[in-house]
Amino acid sequence: MANKKSSNEQSGLEDLYMGKGYHFFVDSVNGTNSGSGRSWRSAWATLTYAVTTSGLVAAHDVIHVSGSFNESVTIPYALNDLTVIGGDF
């Protein structure tokens with residue numbers, strides 16, 4: 001039986017980050033802070049929500065962002081080794 005690839009592998013995200021964290025998505029144009037943040041389709045709208053309000057992002061996670069942001073975000077020390085990647089995938 002062939003191994004089924006994860007959704008990250010199917011989309012090519014495994015080439016960007018080989019860490020152990022989760023991937024989250026923020027889209028300033030189409031996102032909503034009531035989404036799960038786990039795909040472009042359910043992306044959050046702001047980085048502030050992603051790193052401080054959601055309570056889901058942790059150290060070693062990856063946040064993929066799309067759009068433009070006019071916000072000041074302080075990333076808590078507890079989120080060390082957080083990766084933020086810009087661009088659509």
Side-chain angles (χ1 to χ4, degrees):
M1 177 189 297
N3 290 336
K4 183 175 180 180
K5 289 187 174 184
S6 72
S7 61
N8 283 349
E9 290 174 331
Q10 292 170 351
S11 66
L13 294 178
E14 79 283 2
D15 294 332
L16 296 173
Y17 181 73
M18 296 300 292
K20 297 178 182 176
Y22 291 100
H23 291 258
F24 294 95
F25 299 83
V26 178
D27 182 339
S28 68
V29 176
N30 299 306
T32 173
N33 289 339
S34 64
S36 70
R38 297 289 296 158
S39 69
W40 285 120
R41 190 169 284 186
S42 65
W44 293 318
T46 65
L47 284 168
T48 300
Y49 183 84
V51 299
T52 61
T53 310
S54 73
L56 298 174
V57 176
H60 310 289
D61 285 348
V62 179
I63 299 175
H64 302 273
V65 298
S66 177
S68 66
F69 300 86
N70 186 19
E71 54 185 306
S72 177
V73 180
T74 301
I75 298 175
Y77 182 76
L79 297 181
N80 68 323
D81 211 15
L82 175 70
T83 300
V84 179
I85 300 173
D88 295 322
F89 299 94

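Both backbone and side-chain heavy atoms feed into the values below; hydrogens, waters and symmetry mates do not. The first residue of the sequence shown is numbered 1, and numbering continues consecutively from there.
- Side-chain atoms of Trp40 and His64, non-hydrogen and from C-beta on, do get closer than 4.5 Å to each other.
- For the pair Ser28 (side chain) and Ser68 (backbone), a donor-acceptor distance under 3.5 Å is present.
- For Ser72, there are no side-chain hydrogen bond (donor to acceptor under 3.5 Å, both in side chains) partners, not counting sequence neighbours.
- Val62 is listed as a side-chain neighbour of Ile85, based on a closest heavy-atom distance under 4.5 Å.
- Put simply, the side chain of Phe24 reaches to within 4.5 Å of the side chain of Asp61, judged on heavy atoms.
- By the side-chain contact (heavy atoms from CB on, under 4.5 Å) test, Ser36 is found to be paired with Arg38, Ser42, residues two or more places apart in sequence or in another chain being considered.
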Under 3.5 Å, side-chain donor or acceptor atoms of residues 47-59 against the rest of the protein: list the pairs with distances, not counting sequence neighbours.
{"from": "Thr48", "atom 1": "OG1", "to": "Glu71", "atom 2": "OE1", "distance (Å)": "2.4"}
{"from": "Tyr49", "atom 1": "OH", "to": "Asn33", "atom 2": "O", "distance (Å)": "3.3"}
{"from": "Thr52", "atom 1": "OG1", "to": "Thr48", "atom 2": "O", "distance (Å)": "2.6"}
{"from": "Ser54", "atom 1": "OG", "to": "Ala50", "atom 2": "O", "distance (Å)": "3.0"}
{"from": "Ser54", "atom 1": "OG", "to": "Leu56", "atom 2": "N", "distance (Å)": "3.2"}

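- Between Trp44 and Phe25, the ring centre distance reaches or exceeds 6.0 Å.
- With rounding to the nearest 0.5 angstrom, the NE2 atom of His60 is 5.0 Å from the CG atom of Asn80.
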